[in-house]
Structure formats: C-alpha cells, structure tokens
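Numbering of ligands and ligand atoms starts at 1, following listing order.
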Amino acid sequence: MYLTKAKRVLGLAILAAALPLAVLAQGYPLRPITVIVVFAAGGPSDTIARLLSDHVGRQFGQQLVIENVAGAGGTTGTDRAANAAPDGYTILTHHSGLTAAPALYSNLKFDSRTAFEPMGLINTGPMVVLSRKTLETKTLAELVAWLKEKGDKATIAFAGVGSNSYVCATVLQQQIGVKLAMVPYRGTGPAMNDLVGGQIDVLCDQATTAVPQIQGGTVKAYAVTSAQRLASLQDVPSNKEAGLPGLEVTIWNGAYAPKGTPKEVIDRWNAAIGKFVADPAIIERFAATGTVPFPPEMRSPAAHAKFLTEQFEFYAKMFAAANVKKEEAK
Ligand code: MLT
C-alpha cells in the first residue's frame with residue numbers, strides 16, 4: 001500500500017521515460033532548471049544570464065541554477081547544452097559567439113545551425129575599448145600610437161576564439177594594422193580583474209560589465225564600438241568621434257533549448273523572456289549598463305531563427321574577408 005520514497009522516485013522515473021516529451025511539458029517546470037552560461041562567472045554573459053534566471057525563476061515559481069561551463073570560446077558549454085535532454089530542464093544562454101563559432105572552428109562536435117531551438121533574443125549593445133588605468137594614454141589616437149610602438153609587446157585580453165572580445169580585438173588590430181599579444185581567458189570577468197590589476201594592457205569588453213568599471217574609475221575607456229555614444233557613458237566618444245569608424249562591433253544575447261524540446265516549453269520561455277525585457281526595472285538596469293532589449297517584433301522564436309541565419313552569414317563573411325583560419329577547439 002505505502003511505497004518507500006525510493007520506489008516512488010523509481011516509479012516516477014519509469015513513468016517519465018514512458019511519456020512523450022510534449023506530455024511532460026504540461027505543468028512545466030516541475031523541478032529546477034539548469035541554465036548553462038558558456039563563460040566564467042562575473043562577466044557580461046553571466047550577468048545577463050543571472051538577471052534573466054532570477055526573473056524567469058520568479059515567473060515560473062522554480063529555481064533556475066546557473067552552471068558556468070567555460071572553455072574554447074564558449075564552445076565547451078554549447079556542446080554540453082546541445083547534448084542535454086530536450087526536456088526544458090537544461091537551457092543555454094549565449095551571445096553572438098554561437099553564430100561566429102562555425103566560421104572559426106574546424107572540429108565542433110555540434111552543429112550550431114541545427115542543435116538548438118531558439119527561444120528568444122534578449123538584448124543588444126556595443127563594446128568599449130579599455131586599458132589599464134596606469135597607461136599614460138588619454139585618447140584612442142594616443143592609445144593606437146602606443147600600441148603601434150609596442151606591437152606584440154602590448155597585451156590584449158580575450159575570452160577565447162569566437163567570443164565577443166575576440167571579435168573586437170580582431171577588428172581593432174585590423175583597423176590599426178598592428179599585431180598585439182592576444183592573452184586568452186575563460187571569460188572577460190577574469191580578464192577584467194587582470195585589467196584592473198594592471199597585468200593586461202587592453203581589453204575590449206561588452207558595455208554590460210565595462211560601464212561599472214569605467215564609472216568606478218578602475219580602468220580607462222577610449223571609445224564605444226558604435227556610431228553613437230552611450231547615455232551611461234557620456235564622456236566616452238563613439239567610434240567615429242574617436243577617429244576609428246570601422247571599429248564597429250555589436251553584441252547580442254539569446255536563449256536556447258536543445259533541439260526537440262517541446263513547443264510548449266519554448267513558448268513558455270519566450271513569453272517569460274518577453275516579460276523580463278519589458279520589465280521597467282530591467283530596462284533601467286540595461287540602460288545603466290549600455291544595453292537595450294530587442295524590439296518586440298524581433299522577440300519571437302521565428303524572428304530569433306531568422307536573425308541567427310543572418311548572423312551565421314555575417315560572421316562567415318567577416319572572418320573569410322579577414323582571412324582568419326579555422327582552428328581546433330580544445
Ligand atoms: C563573458 O561573459 O566572459 C563574455 O561574454 C566573453 C566575450 O564574449 O568576450
């Protein structure tokens with residue numbers, strides 16, 4: 001009559017295995033959800049994922065647990081998410097790097113174009129060129145002159161091949177015609193710590209985490225990677241104003257589920273992301289750190305899928321034009 005706890009759990013597991021995923025999606029979520037972040041804690045990807053998870057967790061009445069699976073420019077964590085059960089209990093948040101990876105790696109174990117169900121675009125914004133505080137340069141022109149003089153004795157941090165900081169460092173070096181010493185990190189969180197500590201000369205980081213450091217006076221800022229200044233960084237010139245209009249880099253974030261995840265789950269997440277980015281407190285938080293939500297017409301899973309197609313194309317062209325050779329993800 002009375003089953004032991006172990007037997008009840010076993011019975012539920014057998015029942016779950018026998019039920020189609022769509023039926024399991026009813027009442028979703030029934031247990032905590034893992035959110036995979038593909039870079040180290042404390043960086044911009046982690047910051048956005050934590051804000052989202054906190055908000056969606058409250059909406060769902062369930063705990064969302066962040067797992068930082070960093071490495072190989074975000075491809076290690078992406079692989080983990082691609083191979084997770086498509087049941088809505090493992091979710092991926094990722095940025096532009098998802099669409100840059102196929103142009104940069106020769107041995108990806110997943111197909112970025114088909115491994116995921118896009119659940120919705122979150123936010124977009126520019127990056128900011130930063131240096132350690134102790135560097136004597138004051139303007140982007142002065143920084144460029146210093147970098148030209150130092151060449152590969154000057155260090156620029158990045159979060160692995162395919163990360164946004166990699167894209168920005170690549171564009172910067174192309175634009176100024178100098179090869180710098182690229183120093184890899186598992187995310188720009190730890191890279192920023194070393195910039196603040198003065199162990200690294202330069203970092204181009206997303207506004208999300210760059211703005212608080214600039215405002216706190218722990219690093220120097222030279223230009224934002226967009227044609228407009230950021231309201232939260234009124235003293236930092238646009239790329240045009242700083243004399244380098246070609247330094248144009250736009251980042252964006254989205255949420256994904258493994259391919260085959262029931263539509264009910266995707267729709268619940270899409271609605272939850274919509275509520276998250278429409279929350280005035282989140283809009284204010286985004287604005288304070290130089291990022292904005294995607295407009296409503298770009299927030300459906302279908303619009304997200306269309307955007308991804310364009311971005312795969314964009315990065316393939318960008319890296320082909322820059323003659324960047326594919327490498328092995330390790
Ligand atoms: C991070 O969170 O570390 C960044 O998103 C990495 C990057 O793309 O530069």
Inset, instruction - Could you pull out, from Ser45, Ser165, Ala41, the option with a heavy atom nearest to atom 5 (O) of ligand 1? - result: Ser45
Inset, instruction - Check ligand 1 against His95 and write out every atom of the ligand that is under 4.0 Å from a heavy-atom position of the residue. - result: 5 (O), 7 (C), 8 (O)
Inset, instruction - Assess the pair His304 and Phe294: is the distance between their ring centroids shorter than 6.0 Å? - result: no
Inset, instruction - Go through ligand 1 atom by atom and flag the ones less than 4.0 Å from a non-hydrogen atom of Gly187. - result: 3 (O)
Legend entry - Between Asn323 and Lys325, a side-chain donor and acceptor under 3.5 Å: yes
Legend entry - Nearest option to atom 6 (C) of ligand 1, as decided by whichever heavy atom of Ala191, Ala159, Gly160 sits closest: Ala159
Inset, instruction - List the closest protein heavy-atom neighbour of atom 4 (C) of ligand 1: residue, atom name, distance to the nearest 0.1 Å. - result: Gln206 NE2, 3.4 Å
Legend entry - For Gly43, the ligand 1 atoms whose distance to one of its heavy atoms is below 4.0 Å: 2 (O)
Legend entry - Donor-acceptor side-chain pairing of Ser165 and Ser163 below 3.5 angstrom: yes
Inset, instruction - Give yes or no for whether the N/O distance cutoff of 3.5 Å, strictly under, is met between Thr188 and ligand 1. - result: yes
Legend entry - Backbone or side-chain N or O of Asn164 under 3.5 Å from ligand 1 N or O: yes
Legend entry - Close-contact set for ligand 1 against Ser163 heavy atoms, below 4.0 Å: 7 (C), 8 (O), 9 (O)
Legend entry - Trp269/Phe60 under ring pair (Phe, Tyr, Trp, His ring centres under 6.0 Å): CA gap, chis, key distance, verdict: CA-CA 9 Å; Trp269 264 91; Phe60 285 176; 5.7 Å; yes
Legend entry - Contact check, Gly97 vs ligand 1, heavy-atom distance below 4.0 Å: no
Legend entry - Polar contact flag for Tyr166 and ligand 1 (N/O pairs, less than 3.5 Å): no
Legend entry - Ring centre gap for His95 and Phe39 strictly below 6.0 Å: yes
Inset, instruction - For ligand 1, find out whether one of its N or O atoms is nearer than 3.5 Å to an N or O atom of Arg186. - result: no
Legend entry - Lys275/Asp279 ion pair, N-O < 4.0 Å: no
Legend entry - Over 12 foreign heavy atoms within 6.0 Å of NZ, Lys259: yes
Inset, instruction - Measure from NZ or CZ of Arg268 to the centre of the six-membered ring of Tyr28, then state whether that distance is under 6.0 Å and the direction lies within 45° of the axis. - result: no
